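Below is one structure, written out as structure tokens; the observations come after it.
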Number of protein chains: 2
Amino acid sequence: MLTNERHDFILKLLEEKQTIKIQDIVELTAASESTIRRDLTELENRQKLERVFGGAVLPGRNLAEPSVADKSAQNLQEKINLAKFASGFVQHGDSVFLDAGTTTFQMIPFLTEKDLVVVTNGLTLVEALNEQGITTYLTGGMIKPRTGALVGAQTIQSLKNYRFDICFLGVNGFHPDYGYTTPDPEEAAVKKMASSLARKTYVLADHSKSNKVSFAKIMDLEEATLVVDELSADTFEVLEKKTTVKVGKA
Amino acid sequence: MLTNERHDFILKLLEEKQTIKIQDIVELTAASESTIRRDLTELENRQKLERVFGGAVLPGRNLAEPSVADKSAQNLQEKINLAKFASGFVQHGDSVFLDAGTTTFQMIPFLTEKDLVVVTNGLTLVEALNEQGITTYLTGGMIKPRTGALVGAQTIQSLKNYRFDICFLGVNGFHPDYGYTTPDPEEAAVKKMASSLARKTYVLADHSKSNKVSFAKIMDLEEATLVVDELSADTFEVLEKKTTVKVGKA
DNA sequence: TGCTTATGAATGATTATGATTGATTTTGGA
DNA sequence: TCCAAAATCAATCATAATCATTCATAAGCA
């Protein structure tokens, strides 16, 4: 087994079980204890795990890491389907705004090889974008510790330096009377500004957000195109300027 | 077997297995190890795969890849000592600029409980700052994938919205004639701008940077206070406006 | 033939590995 | 609580695998 393979194996195992014992890894990999020890030290230096006496645990992260944290979430597969579908709207060479959030995060693997320029206010998206080799700009601003989103006056201001062909937003609720809403007014302001700088805006939401209302209003429903998955799995609804269109699955 | 054929064969094999060992390819192709090595080097240059010790993996799919936040630096302990010492200059309530880089990164644990506002252009610093509960602002700009530093016109512009009590920079070399230098002109520009917005600027460098000259000049030596560790371990030199002061260890 | 390119073997350097040592930490019973 | 046994640990060493480099040969082509 290759060194690199073993590292991957350990990380995968750790993600599954949350906690691993050195002796277990030794048995499963048929490598010596010394080697596994070295692996763990190495991976700890890379901040992929934290060592504890007798084994290792997942690293304590302050910023929400969508890739890891959400794996257990119920609607992950739905989000991925939704993200994949929405990625189809992106044209080769587009300038794209990607909102901070888990759904937009899932779009990233589907944006490769499109020669894009992506601007985002989501710290958690950056590493994944880099991995895809996508030219990435980050807005400035204050960091919201829990979510890793950039918000505030500086964010708004730095956004004004860009124009987007296409803009993807996540929301916490959408409602015919109250429009798109999200809990944080600061984030709402950022989303609104980004949208206003884009030729076309798509709001991604799974069906659980339907008719939900949150504290801060972003904008009215008809100001963006809503992409929402159907409960009946493999179709999506695209509500464009109050027009309903049914589409087959991506 | 033709060279091109062999290349295709390797890529196909890699696609199937995700990870391949050089020895396996040697057996399957009946070519010599040298040839396979050359093939892999070639294919890596074309970004078709990534080499790892003993074989190759698909590009980007390397779970255990060292992240930018890798702690396993060369002279880590020296850097920590230097960082700890420099942290002493920070006053309670200061607004601080922290340059992207490993030395400034090491300052973070010593900045806690000082009620600071920190601005940085280093993505790798953000999580550590959050862990310390420090209010953190990020400059905007383009992300340099390798280092996680923000650079470019947007970075410069967003800096102009701030004023700093104190500014800490890392450099790649300092020299009496050529001043402070760093390889990337973009980064140099950011450092210079940050410094010009601060009441006081400190440059952190370990002794290995002494009399080194890199491509892009940041500014002259006397425009900042240089903090450098001595080879003889436990002392630091603080060169302030060409005045030399020896100080005991932090 | 003369030229370029691809190949394979040999080298010394680098890196990964497994076993051993003595120190440190945890555990469990008095 | 304290102590001793067991488990785990970091550090070191020798070995083995892998690596980049060099050089000589073979194959392809004008």
Side-chain angles (χ1 to χ4, degrees), chain A residues 1-14 17-60, chain B residues 1-14 17-59 61-68 70-81 106 109 146 208 233:
Chain A
M1 192 183 232
L2 241 40
T3 309
N4 213 253
E5 254 181 305
R6 206 176 46 241
H7 286 182
D8 280 0
F9 177 82
I10 292 173
L11 289 180
K12 236 181 231 161
L13 196 68
L14 180 59
K17 314 222 296 173
Q18 311 286 314
T19 297
I20 46 179
K21 287 200 267 271
I22 287 193
Q23 289 310 324
D24 292 348
I25 312 176
V26 170
E27 282 179 33
L28 289 167
T29 58
S32 76
E33 196 182 297
S34 294
T35 300
I36 301 300
R37 263 176 218 297
R38 268 185 285 257
D39 287 347
L40 293 187
T41 319
E42 177 82 16
L43 291 171
E44 183 177 43
N45 283 338
R46 297 179 188 175
Q47 315 216 337
K48 303 289 185 184
L49 52 78
E50 269 172 37
R51 295 197 61 179
V52 294
F53 199 90
V57 297
L58 284 170
Chain B
M1 191 183 247
L2 227 47
T3 309
N4 276 338
E5 269 183 286
R6 208 176 44 241
H7 284 186
D8 287 350
F9 177 81
I10 292 174
L11 289 178
K12 217 169 179 182
L13 196 67
L14 182 60
K17 313 222 296 173
Q18 310 286 315
T19 297
I20 47 179
K21 290 199 258 279
I22 287 194
Q23 289 310 325
D24 291 349
I25 311 177
V26 170
E27 282 181 34
L28 289 167
T29 58
S32 77
E33 196 182 296
S34 293
T35 301
I36 302 300
R37 266 177 214 296
R38 269 185 282 258
D39 287 346
L40 292 187
T41 316
E42 172 83 19
L43 291 170
E44 183 177 42
N45 286 338
R46 292 193 219 152
Q47 316 228 346
K48 302 289 187 185
L49 52 77
E50 268 174 42
R51 295 197 62 179
V52 295
F53 198 90
V57 297
L58 285 170
R61 307 238 176 260
N62 204 343
L63 203 53
E65 231 169 351
S67 75
V68 272
D70 203 332
K71 273 188 198 159
S72 51
Q74 199 55 247
N75 4 7
L76 183 62
Q77 194 52 50
E78 291 169 24
K79 279 182 178 165
I80 292 176
N81 289 338
Q106 298 299 341
R146 207 175 44 79
S208 71

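The sequence lines fix the lettering, A, B, ..., with proteins before strands; numbering per chain opens at 1. Here the structure is a predicted model, which is why all the values come from computation and not from measurement.
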List, with names and distances, any nitrogen or oxygen atoms from the protein found under 3.5 Å away from nitrogen or oxygen atoms belonging to nucleotides 26-30 of chain D.
none

Task: Spacing of OG1 belonging to Thr3(B) relative to CG belonging to Asp8(B), to within rounding of 0.5 Å - done: 11.0 Å
Task: Partners meeting salt bridge (Lys or Arg N to Asp or Glu O under 4.0 Å) with Glu44(B) (sequence neighbours left out) - done: none
Task: With Thr19(A) via side chain to side chain donor-acceptor pair (under 3.5 Å) - residues at least two apart - done: none
Open item on the list: Please list all pairs meeting salt bridge (Lys or Arg N to Asp or Glu O under 4.0 Å) that have one or both residues in residues 22-31 of chain A, counting only residues at least two apart or in different chains.
Closed with: none
Task: Other residues, nucleotides, ligands: >12 heavy atoms within 6.0 Å of Lys48(B) NZ - done: no
TODO: Using heavy atoms to find the nearest nucleotide of DNA chain C for Ser32(A) and Arg6(B) separately, return the residue whose nucleotide is more 5′.
DONE: Arg6(B)
- [ ] Keeping to residues at least two apart or across chains, list the side chain to side chain donor-acceptor pair (under 3.5 Å) pairs with something in residues 28-40 of chain B.
- [x] Arg6(B)-Asp39(B), His7(B)-Asp39(B), Gln23(B)-Glu33(B), Ser32(B)-Thr35(B), Glu33(B)-Arg37(B)
Open item on the list: Does any part of the side chain of Ile10(A), heavy atoms only, come nearer than 4.5 Å to the side chain of Ile25(A), both counted from C-beta?
Closed with: yes
Task: Range on DNA chain C touched by chain B - first to last nucleotide, heavy-atom distance under 4.0 Å - done: dA6(C) to dA16(C)
- [ ] Quick one: the dot-bracket string of DNA chain C, using Watson-Crick and G-U wobble pairs with both distances under 3.5 Å, [ ] for crossing pairs and | for bases paired to another strand.
- [x] ||||||||||||||||||||||||||||||
Open item on the list: Tell me the closest heavy-atom pair linking Leu40(B) and Leu49(B), and the distance in Å.
Closed with: O-CD1, 3.7 Å
Under-3.5 Å N/O pairs linking protein and nucleotides 17-20 of chain D:
residue, atom, partner, partner atom, Å
dT18(D), O3', Gly54(B), N, 3.1
dC19(D), OP1, Val52(B), O, 3.4
dC19(D), OP1, Gly54(B), N, 2.4
dC19(D), OP2, Arg37(B), NH1, 2.4
dC19(D), OP2, Arg37(B), NH2, 2.9
dC19(D), O5', Arg37(B), NH1, 2.9
dA20(D), OP2, Arg51(B), NH1, 3.3

Open item on the list: Once rounded to the nearest 0.5 Å, what's the spacing between atom OG1 of Thr41(B) and atom CZ of Arg51(B)?
Closed with: 4.5 Å
Task: Partners passing side-chain contact (heavy atoms from CB on, under 4.5 Å) against Leu58(B) (at least two apart in sequence or in another chain) - done: Leu14(B), Glu15(B), Gln18(B), Arg61(B)
